[in-house]
Amino acid sequence: FLAHLVRQAIGQRALAEALTLTVSGHWQQLTALGMTLHACTNLVELDLSRNGLVSLEGLQSLRRLKCLNVYYNVIGRLPELDRLRSHTELEVLDLRLNPVTHAGRRHRLRALVAAPSIRQLDGREVSGAERARVHQLLMAGGAAGDGGVASGGVIDWEEEEEAPVEVAAPPAALSQH
């Protein structure tokens with residue numbers, strides 16, 4: 001199903017040549033990506049909003065992504081956000097209306113730990129306080145002296161539930177709608 005939608009959206013261009021792709025609004029039919037997007041290695045913008053995706057599996061080869069919209073899917077597990085680690089150029093991520101966002105600020109921090117290049121998350125700029133907390137988590141994420149998460153340490157995400165972190169307000173253009 002997805003392969004047909006991708007071909008329809010891209011047309012006759014080679015998959016590797018596509019820079020943007022929108023496959024949106026297939027709630028009942030599109031629940032997983034599989035290997036279909038692996039050849040789309042030059043994608044910089046991907047809109048998978050309004051589908052039934054439960055996982056980010058299948059996006060790992062899209063290393064040039066700058067904008068990923070998975071708004072209104074059914075991604076519900078925080079560990080799914082760890083799949084963003086291969087997206088070192090990702091600047092904009094929209095997870096709104098996914099069950100994972102019910103984890104409070106943990107989903108924001110987890111996404112930022114996985115893809116620190118994110119500037120805008122869920123329609124809001126990433127705040128300096130969030131960046132500082134991510135830095136702390138990366139440095140202290142494992143046993144003392146091991147270099148933190150970057151060296152394979154583990155973050156205790158349950159501890160992240162309580163302490164507040166300042167989240168930037170949405171841009172004025174978004175708040176007027």
Side-chain angles (χ1 to χ4, degrees), residues 1-10 15-16 18-126 130-131 133-134 137-138 141 149-150 152-158 160-161 167:
F1 179 73
L2 179 59
H4 171 74
L5 294 173
V6 169
R7 267 288 158 220
Q8 191 175 21
I10 292 177
L15 294 177
L19 297 177
T20 64
L21 177 62
T22 298
V23 181
S24 179
H26 302 281
W27 181 256
Q28 297 295 322
Q29 298 96 350
L30 185 53
T31 58
L33 297 173
M35 302 286 285
T36 306
L37 298 177
H38 282 256
C40 300
T41 55
N42 284 314
L43 279 181
V44 292
E45 188 172 328
L46 179 59
D47 181 352
L48 294 169
S49 63
R50 301 177 189 277
N51 291 306
L53 296 175
V54 297
S55 173
L56 296 174
E57 177 71 37
L59 297 176
Q60 292 86 330
S61 66
L62 309 180
R63 298 180 188 276
R64 294 190 175 160
L65 273 184
K66 292 186 182 302
C67 181
L68 175 60
N69 183 356
V70 286
Y71 170 89
Y72 201 12
N73 277 274
V74 287
I75 300 162
R77 298 185 57 241
L78 281 171
E80 284 301 317
L81 302 180
D82 296 341
R83 295 183 189 276
L84 298 172
R85 281 201 168 97
S86 60
H87 302 289
T88 57
E89 297 181 31
L90 189 63
E91 296 176 358
V92 178
L93 174 63
D94 195 342
L95 291 162
R96 289 177 293 176
L97 295 182
N98 278 278
V100 73
T101 63
H102 298 199
R105 73 183 190 124
R106 286 184 298 161
H107 92 279
R108 289 182 67 85
L109 293 175
R110 190 119 182 198
L112 291 170
V113 164
S117 57
I118 295 173
R119 294 181 296 100
Q120 185 179 10
L121 179 55
D122 300 337
R124 295 177 181 228
E125 294 297 317
V126 174
E130 286 175 306
R131 290 245 179 257
R133 184 62 186 136
V134 165
L137 290 169
L138 289 171
V149 174
V154 177
I155 295 173
D156 183 358
W157 290 106
E158 295 305 316
E160 288 306 309
E161 183 62 25
V167 177

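Computed from heavy atoms alone, side chains included, the values below leave out hydrogens, waters and symmetry copies.
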Can you tell me how far [atom2] of [Y] sits from [atom1] of [X], rounded to the nearest 0.5 angstrom?
X	Y	atom1	atom2	value
L78	T101	CG	OG1	10.0 Å
L33	L56	CG	CG	8.0 Å
L19	L43	CG	CG	7.5 Å
H87	C67	NE2	SG	12.5 Å
L93	D122	CG	CG	6.5 Å
I75	E57	CD1	CD	12.0 Å

Closest heavy-atom pair and its distance - [X], [Y]:
X	Y	answer
A115	L90	CB-CD2, 4.4 Å
C40	V6	SG-CG1, 4.5 Å
S86	R83	OG-O, 4.0 Å

Do the non-hydrogen side-chain atoms of [X] and [Y] ever get within less than 4.5 Å of each other?
X	Y	value
P79	R110	yes
V92	K66	no
T88	R63	no
N73	V54	no
S61	L37	no
W27	R50	no

Hey, which of D94, I118, L84 is the one that makes side chain to side chain contact (heavy atoms under 4.5 Å, CB included) with L68? L84

Going by atom types alone, do S49 and S24 pair a side-chain donor with an acceptor below 3.5 Å? yes

Does a side chain donor of either H107 or N98 reach within less than 3.5 Å of an acceptor in the other side chain? no

Should E130 and R133 count as an ion pair when the cut-off is N to O under 4.0 Å? no

Is E89 salt-bridged to R64, cutoff N-O under 4.0 Å? no

Does atom CZ (R77) have a neighbourhood of more than 12 heavy atoms from anything else shown, all under 6.0 Å? no

Would V113 and R85 count as a side chain to side chain contact (heavy atoms under 4.5 Å, CB included) if you check the C-alpha gap in whole Å, the side-chain angles of each, and the deciding distance to 0.1 Å? CA-CA 8 Å; V113 164; R85 281 201 168 97; 4.3 Å; yes

Check for a donor-acceptor pair, side chain of [X] on one end and backbone N or O of [Y] on the other, with a separation under 3.5 Å.
X	Y	value
R108	L121	yes
S117	E91	no
T22	D47	no
N42	A16	yes
Q60	G58	yes

Tell me, please, which residues at least two apart from H26 pass ring-ring contact (aromatic ring centres under 6.0 Å, His included). F1

Full working for side chain to side chain contact (heavy atoms under 4.5 Å, CB included) between L59 and L48: CA-CA 11 Å; L59 297 176; L48 294 169; 4.2 Å; yes

